There are 2 protein chains.
Amino acid sequence: MDNKLIYYFRKWTDISEEAEGIILSAFEPASVKKKKDLLEPGEVCQYLYFIVKGCLRSYYVDDKGLEHIYQIRLDNSWISDLGSFFSQKPSKYYIESLEDTEYLRISHDRLEQLYAEVPQLERYFRILFQKAYVNALARLNDTMWVSAVDRYNQMLKEQSDIFQRVPLVYIASYLGITPESLSRIRRKS
Amino acid sequence: MDNKLIYYFRKWTDISEEAEGIILSAFEPASVKKKKDLLEPGEVCQYLYFIVKGCLRSYYVDDKGLEHIYQIRLDNSWISDLGSFFSQKPSKYYIESLEDTEYLRISHDRLEQLYAEVPQLERYFRILFQKAYVNALARLNDTMWVSAVDRYNQMLKEQSDIFQRVPLVYIASYLGITPESLSRIRRKS
DNA sequence: CTCATTTCTTACCATAGGTCAAGTGTGTGG
DNA sequence: CCACACACTTGACCTATGGTAAGAAATGAG
């Protein structure tokens with residue numbers, strides 16, 4: 001098999017051979033070159049993306065024209081603007097490739113249909129969002145109460161793969177600081 | 001009916017009369033006086049709580065002995081330490097009542113069993129966690145990039161009920177600032 | 001190989017918010 | 001109805017991080 005989608009589903013829920021076929025046909029494979037937008041502000045986020053190989057980031061641009069990054073995701077992970085995707089209202093985010101990227105995508109309607117065909121997926125995504133929520137709260141806590149230096153070191157330890165593949169400007173934004181601050185932090189360590 | 005649990009479930013998923021009975025018998029009603037702990041650090045978080053009436057907060061105490069609040073929840077909402085609850089590993093959090101509180105609770109094992117008996121609940125909680133995750137990301141973004149003044153005004157507008165029921169010390173911590181800063185912000189507005 | 005672009009660093013000053021310490025109310029339990 | 005804990009405020013000072021601006025280093029397209 002050329003992707004790990006089913007492998008990940010099977011970690012948390014039972015997927016029969018039959019269901020496997022249904023799922024694989026519901027996800028549409030595609031790819032983009034580096035530095036292309038999969039989503040732009042004002043559009044409704046049509047798809048939930050599973051990255052097979054590559055790197056995508058989601059970010060928005062504030063009133064002052066500054067970029068703020070929400071997520072940086074590498075191989076075998078999910079990305080979307082869930083707020084827009086599930087409500088089908090316009091997004092304020094960009095989703096952009098930072099590397100040439102192969103992915104699988106599924107539209108909102110097709111996913112709803114798929115939940116009906118393969119109810120076990122509700123379980124998978126329930127667990128996925130549960131974990132995502134716990135992680136988001138942990139990241140929230142860190143941004144509130146942990147110094148930039150400590151957050152940097154922590155990220156260096158826990159997500160070293162990102163440091164090897166993504167420019168520091170983006171990492172700074174993800175950490176909630178300016179590139180200049182990140183640079184100063186790195187000098188001192 | 002004396003609580004809105006089923007009402008909320010039915011907002012996002014179908015619950016038959018029969019399932020209703022099963023669910024209601026799985027949740028155990030209980031109550032606590034003000035200022036009591038439902039969870040203490042070191043314990044495994046045994047329950048997922050649905051607040052019928054009252055107010056609960058979750059927080060932890062850092063190395064320096066400072067409290068940091070994760071969540072403040074009022075009537076008709078869920079609270080737990082999901083990280084501990086789902087992994088069944090020791091928690092670092094307190095869950096404490098800020099008012100006399102009536103709640104419903106369900107244990108981890110009972111909930112797993114309930115998912116098997118009423119699979120539609122997977123859907124409900126999938127949507128619940130999905131929304132919780134989107135909210136957590138929004139709160140994360142605000143703490144990173146929005147000034148304390150603006151976060152205060154936003155919270156005042158969107159969660160005015162909390163301001164009427166909860167001391168400002170707790171709100172400050174929830175906003176990610178010190179009580180002193182909150183006081184200064186309030187003076188200026 | 002070279003030039004243009006992107007990425008990263010440095011230095012300077014500005015500021016939001018934290019820390020510490022000392023207040024002033026005020027609600028409630030004995 | 002008093003006292004004491006709790007909630008909140010204020011002021012003086014401090015520090016981490018931001019803003020701006022400039023230049024160095026690395027990367028990549030032709």
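Model, not experiment: these values are computed from the prediction. Proteins get letters first, then strands, A, B, ... in listed order; numbering begins at 1 in each.
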query = Over how many whole Å does the gap from B:I185 atom CD1 to C:dT15 atom P extend?
reply = 17 Å

ask   = In terms of ring plane angle, is the pair A:F9 and A:F27 parallel, tilted or perpendicular, where the classes change at 30° and 60°?
value = tilted

Length of the CG-P vector between B:D150 and C:dA16, whole Å = 12 Å

ask   = Do the charged groups of A:K33 and A:D100 touch, with an N to O distance under 4.0 Å?
value = yes

task = Would you please test B:T101 and B:L38 for side chain to side chain contact (heavy atoms under 4.5 Å, CB included) and show each step?
result = CA-CA 11 Å; B:T101 299; B:L38 302 191; over 6 Å; no

task = Would you mind classifying the nucleic acid contact of A:T178 as base, sugar-phosphate or nothing, using non-hydrogen atoms under 4.0 angstrom?
result = sugar-phosphate

task = Write down the distance between NZ (B:K33) and P (C:dT28), rounded to a whole number of angstrom.
result = 14 Å

key: Segment of DNA chain D, first to last nucleotide, that comes within the 4.0 Å heavy-atom reach of chain A   = D:dT17 to D:dA21

ask   = Do A:R165 and A:D75 have side chains that get closer than 4.5 Å, going by heavy atoms?
value = yes

key: Whole angstrom value for the distance that separates P of C:dT15 from CD of A:E180   = 17 Å

request  = Pick out which of A:S91, A:S58, A:S87 makes a side-chain hydrogen bond (donor to acceptor under 3.5 Å, both in side chains) with A:D81.
outcome  = A:S91

message = Heavy-atom nearest nucleotide on DNA chain C for B:L66 versus A:L182: which residue maps closer to 5'?
response = A:L182

key: Residues forming a side chain to side chain donor-acceptor pair (under 3.5 Å) with A:R186, sequence neighbours excluded   = A:Y152

ask   = Hey, is A:E112 close enough to B:R123 for a salt bridge, meaning N to O under 4.0 Å?
value = yes

key: Rounded distance in Å - CG (B:D142) to C1' (C:dA16)   = 17 Å

ask   = Taking for each residue the nucleotide of DNA chain D bearing the nearest heavy atom, is the 5' side occupied by B:S183 or by A:R151?
value = B:S183

query = By a strict heavy-atom criterion of less than 4.0 Å, which residues belonging to residues 164-177 of chain B are in contact with DNA chain D?
reply = B:P167, B:L168, B:V169

ask   = Heavy atoms under 4.0 Å, any strand shown: does A:R184 hit a base, just sugar-phosphate, or nothing?
value = base

message = Distance check needed: C:dT7 P versus A:R187 CZ, whole Å only.
response = 21 Å

task = Would you mind classifying the nucleic acid contact of A:R186 as base, sugar-phosphate or nothing, using non-hydrogen atoms under 4.0 angstrom?
result = sugar-phosphate

ask   = Within the pair B:S181 and C:dG17, is there a side-chain N or O less than 4.0 Å away from OP1 or OP2?
value = no

inquiry  = Looking only at side-chain N and O atoms, does A:N141 offer a donor or acceptor that is under 3.5 Å from a partner on B:Y60?
reply    = yes

message = Any non-hydrogen side-chain atom of B:F85 less than 4.5 Å from a side-chain atom of B:L39?
response = no

